[in-house]
> 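Supplied in structure tokens, the structure appears directly below.
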Amino acid sequence: MASPGPRVVVFSTGGTIAMGRSAGSGGVAPSLTGADLVAAVPQLAEIGVDVEVRDFRQVPSASLTFADVVELAGEIRRALDGGATGAVVTQGTDTIEETSYLLDLLHGGDEPVIVTGAMRNPTMAGADGPANLLAAIQSAASPVTRGLGCLVVFADELQLARTVRKTHTTSIAAFTSPGSGPIGFLREGQPQIAAAPPRRPALPAPPPGKAAPRIALHTATLGDDPALLEAVAGLADGVVVAALGAGHVSAAMVPVLAGLARRIPVVLTSRTGAGPVLSATYGFPGSESDLLGRRLISGGTLHPLKARILLQLLVAGGAGHAAIAEAFAAG
Ligand code: ASP
């Protein structure tokens, strides 16, 4: 008997790719099911992939939560354990850079998990949802994406969840990996991978029912006000600082950050969006070496939004300062 072809499970969660004209608001809102999305791609009948659809949510991606993504990761695991070759998640583009990274951190297997969506909704000329969904399914069905964790596929480019950013509000080429670029492309419907970086081991999912830890994200700015950070951080279980340049804040911010770092994990990242936080170049008050010497943890090359997700998952799992520092050092 011939061995069955690849089987891909598509989890639909809403977003622009699944939006239609809404009578009430006059704008578009999530209304399409996963079956509707698949039906809009007739080419799927020709590629020899068995496609199964699960409607997970039908929301704009701003309304997805940490708990939703943890639950989705569990459903993906069950589908893969049930024999699926790979999984595709369709969702709103606004939070893909965070959800895909959380899925990546939680995904321990070699099976591909591919996230996609659309920048142009289905009522627009040249809507990109069908092409992106086709490319995502082709990627999830392919052996060449195995072992790469969670990837984001838009405009025929494959980006690592760890690096991908939404870098434009409307362009169909909005998804980029600043500083590193895509890890591959689709050529005539087949993904091609240029170079596969090593993967970190998966992290455990937080215990079900536990509230997500509160992780504040503070962006350092010209004339930053320490009182504002102090007010917010009073509620926080951890803080990510999107610092200036290579990891700098004003001298005025140092006492509050040093005080916080004695109490809760504080991770130092850069608001520039590419390149590493340095460790030993600058020596002024508020410099990277000053802050790292005061128990702040280096976020390395992680973007502040990704660092916030990693810290949230680590704190949810009960990790202490040393384990958090080790996890960030592992990249
Ligand atoms: N503009 C968004 C999108 O591209 C809306 C959302 O994230 O749900 O899907």
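As the structure is a prediction and not an experimental result, all values here were calculated from the model.
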> Would you compute the distance between atom OG1 of Thr269 and atom CG of Leu296 and round it to the nearest 0.5 angstrom?
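Going from OG1 on Thr269 over to CG on Leu296, the span is 10.0 Å.
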> Looking at Arg200 and Ala327, would you say the former's side chain and the latter's main chain have a donor-acceptor pair under 3.5 Å?
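Confirmed, Arg200 side chain pairs with Ala327 backbone.
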> Output a table of donor-acceptor pairs, distance under 3.5 Å, between side-chain atoms of residues 119-130 and any protein atom two or more places apart or on a different chain; print 'none' if there are none.
unit_1 : atom_1 : unit_2 : atom_2 : d
Arg120 : NH1    : Gly126 : O      : 3.0
Asn121 : OD1    : Thr123 : N      : 2.8
Asn121 : OD1    : Thr123 : OG1    : 2.5
Asp128 : OD1    : Met119 : N      : 3.0
Asp128 : OD1    : Arg120 : N      : 2.8
Asp128 : OD2    : Met119 : N      : 3.0
Asp128 : OD2    : Asn132 : ND2    : 3.3

> Could you pull out all residues at least two apart from Arg162 that satisfy side chain to side chain contact (heavy atoms under 4.5 Å, CB included)?
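Residues passing side chain to side chain contact (heavy atoms under 4.5 Å, CB included) with Arg162: Tyr101, Thr301, Leu302.
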> Does any N or O in the side chain of Gln58 come within less than 3.5 Å of the main-chain N or O of Ser31, such that one atom is a donor and the other an acceptor?
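Yes, because the side chain of Gln58 sits within donor-acceptor range (under 3.5 Å) of the backbone of Ser31.
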> Table please: side-chain donor-acceptor pairs of residues 221-232 below 3.5 Å, with sequence neighbours left out.
unit_1 : atom_1 : unit_2 : atom_2 : d
Thr221 : OG1    : Asp224 : OD1    : 3.3
Asp224 : OD1    : His218 : NE2    : 3.3
Asp224 : OD2    : His218 : NE2    : 3.0
Asp225 : OD1    : Ala227 : N      : 2.9

> Can you list the steps and then say if Leu148 with Leu158 is a side-chain contact (heavy atoms from CB on, under 4.5 Å)?
CA-CA 11 Å; Leu148 299 176; Leu158 295 112; over 6 Å; no
> What are the two closest non-hydrogen atoms of Ala220 and Leu244, and how far apart are they?
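Looking at all heavy atoms of both residues, the closest pair is O-CD2, 3.5 Å.
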> If Ile, Leu, Val, Met, Phe, Trp and Tyr residues are connected whenever their side-chain heavy atoms lie under 4.5 Å apart, and connections chain through other members, are Phe185 and Val88 in the same group?
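Hydrophobic grouping puts Phe185 apart from Val88.
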> If you apply the rule side-chain contact (heavy atoms from CB on, under 4.5 Å), what do you find for Phe154 with Ile172, and how did you get there?
CA-CA 8 Å; Phe154 271 78; Ile172 57 170; over 6 Å; no
> Evaluate the criterion side-chain contact (heavy atoms from CB on, under 4.5 Å) for residue pair Leu151 and Ser139; output intermediate values, then yes/no.
CA-CA 9 Å; Leu151 302 176; Ser139 300; over 6 Å; no
> Membership question, hydrophobic clusters at under 4.5 Å side-chain separation (ILVMFWY): are Phe66 and Phe11 in the same one?
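Yes, because Phe11 and Phe66 connect within a single hydrophobic cluster, where side-chain heavy atoms sit under 4.5 Å apart.
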> So, taking the atom named CG in Leu133 and the one named CD in Gln138, what distance separates them when rounded to the nearest 0.5 Å?
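Reported to 0.5 Å precision, the distance equals 10.0 Å.
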> State, to 0.1 Å, how close Leu292 and Ile297 come at their nearest heavy-atom pair, and which atoms those are.
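In terms of heavy atoms, the two residues are closest at CD2-C, 4.1 Å.
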> Heavy atoms only: give me the nearest Pro206-Leu313 pair and the separation to one decimal.
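Scanning both residues, the minimum pair turns out to be CD-CD1, 3.6 Å.
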> For Thr85 and Pro6, indicate whether the former's side chain and the latter's backbone hold a donor-acceptor pair under 3.5 Å.
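Such a contact is absent between Thr85 side chain and Pro6 backbone.
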> Once rounded to the nearest 0.5 Å, what's the spacing between atom OG of Ser142 and atom CD1 of Ile193?
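Reported value, rounded in 0.5 Å steps: 7.5 Å.
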> Checking Thr95 now: which residues fulfil side-chain hydrogen bond (donor to acceptor under 3.5 Å, both in side chains) with it, not counting sequence neighbours?
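Per chain and number, Thr95 pairs via side-chain hydrogen bond (donor to acceptor under 3.5 Å, both in side chains) with Ser61, Gln91.
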> Which heavy atom of Pro30 sits nearest a heavy atom of Gly14, and at what distance?
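Closest heavy-atom pair between Pro30 and Gly14: CB-CA, 4.4 Å.
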> So for atom CZ, which belongs to Arg214, do other residues, nucleotides or ligands contribute more than 12 heavy atoms lying within a distance under 6.0 Å?
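Atom CZ in Arg214 is not crowded, with 12 or fewer foreign heavy atoms closer than 6.0 Å.
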> Which heavy atom of Leu106 sits nearest to which heavy atom of Leu203, and what is that distance?
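Nearest pair, atom of Leu106 first, then Leu203: CD2-O, 3.6 Å.
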> Applying side-chain contact (heavy atoms from CB on, under 4.5 Å), run through Leu37 and Leu32 and close with a yes or a no.
CA-CA 7 Å; Leu37 302 190; Leu32 305 180; 4.1 Å; yes
> Can you sort out the partners of Thr163 under side chain to side chain contact (heavy atoms under 4.5 Å, CB included), two or more places apart, ordered by chain and number?
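If we apply the side chain to side chain contact (heavy atoms under 4.5 Å, CB included) test to Thr163, skipping adjacent residues, the hits are Leu160, Ser177, Ser180.
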> Write out all pairs satisfying salt bridge (Lys or Arg N to Asp or Glu O under 4.0 Å) with one or both partners inside residues 31-52, taking only residues at least two apart or from two chains.
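Only Arg7-Glu52, Glu52-Arg54 qualify under salt bridge (Lys or Arg N to Asp or Glu O under 4.0 Å).
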> Suppose the criterion is side chain to side chain donor-acceptor pair (under 3.5 Å): which pairs have a residue in residues 311-328, not counting sequence neighbours?
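Matches after skipping sequence neighbours: none remain.
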> For a 4.5 angstrom cut-off between non-hydrogen side-chain atoms, does Val28 reach Thr16?
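No, too far: nothing below the 4.5 Å cut-off.
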> Indicate yes or no: does Glu97 engage Lys166 in a salt bridge with an N to O separation below 4.0 Å.
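Salt bridge between Glu97 and Lys166, a charged N being under 4.0 Å from a carboxylate O: no.
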> Only counting residues at least two apart or in another chain, list the ones meeting side chain to side chain contact (heavy atoms under 4.5 Å, CB included) with Glu71.
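By the side chain to side chain contact (heavy atoms under 4.5 Å, CB included) rule, Glu71 matches Phe56, Arg57, Glu75.
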> Restricting to salt bridge (charged side-chain N to carboxylate O under 4.0 Å, His left out), what partner residues turn up for Glu111, sequence neighbours left out?
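Counting only residues at least two positions away or on another chain, Glu111 forms a salt bridge (charged side-chain N to carboxylate O under 4.0 Å, His left out) with Arg77.
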> Under 3.5 Å, which donor-acceptor pairs do the side chains of residues 246-267 form with other protein atoms, sequence neighbours left out?
unit_1 : atom_1 : unit_2 : atom_2 : d
His248 : NE2    : Glu288 : OE1    : 2.7
Arg263 : NH2    : Ala233 : O      : 3.3

> Okay, side chain of Asp110, backbone of Arg146: is any donor-acceptor separation there less than 3.5 Å?
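Not a single qualifying donor-acceptor pair exists.
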> Would you confirm whether Lys306, through its side chain, and Val164, through its main-chain N or O, come within 3.5 Å as a donor-acceptor pair?
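Side chain of Lys306 to backbone of Val164, a donor-acceptor pair under 3.5 Å: yes, one is there.
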> Distance check, rounded to the nearest 0.5 Å: Gln192 atom CD versus Asp156 atom CG?
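Going from the CD atom of Gln192 to the CG atom of Asp156 covers 11.0 Å.
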> Rounded to the nearest 0.5 Å, how far does CG of Leu134 lie from OG1 of Thr116?
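Between Thr116 OG1 and Leu134 CG, I get 10.5 Å after rounding to 0.5 Å.
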> Does Val8 share a hydrophobic cluster with Val153, counting links as ILVMFWY side-chain heavy atoms below 4.5 Å and allowing steps through other members?
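Both belong to a single hydrophobic cluster.
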> State whether the side chain of Thr167 and the backbone N or O of Ala174 hold a donor-acceptor pair below 3.5 Å, judged by distance alone.
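Side chain of Thr167 to backbone of Ala174: a pair is present.
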> Out of curiosity, does Ile215 fall in the hydrophobic cluster containing Val239 (side-chain heavy atoms, cut-off under 4.5 Å, transitive links)?
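Val239 does not cluster with Ile215.
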> Got a sec, which residues hit side chain to side chain contact (heavy atoms under 4.5 Å, CB included) with Ala155, two or more places apart in sequence or on another chain?
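So Ala155 forms no side chain to side chain contact (heavy atoms under 4.5 Å, CB included) with any residue.
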> By salt bridge (charged side-chain N to carboxylate O under 4.0 Å, His left out), which residues pair with Asp290, not counting sequence neighbours?
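Here the qualifying residues are Arg294.
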> Just by distance, do the side chain of Asp68 and the backbone of Thr65 share a donor-acceptor pair under 3.5 Å?
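Yes, because the side chain of Asp68 sits within donor-acceptor range (under 3.5 Å) of the backbone of Thr65.
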> Please examine the side chains of Leu305 and Arg165, heavy atoms only from C-beta on, and report whether any two atoms are closer than 4.5 Å.
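They are in contact (side-chain heavy atoms under 4.5 Å apart), so the answer is yes.
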> Hey, does Ser298 have a side-chain heavy atom less than 4.5 Å from the side chain of Leu268?
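Not touching, per the 4.5 Å side-chain cut-off.
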> If two hydrophobic side chains count as joined below 4.5 Å and joins carry through other members, does Val113 share a cluster with Val10?
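As far as the 4.5 Å side-chain criterion goes, Val10 and Val113 are not connected within one cluster.
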> How far apart are the closest heavy atoms of Asp104 and Gly149, and which atoms are they?
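Taking every non-hydrogen atom into account, OD1-CA, 3.4 Å.
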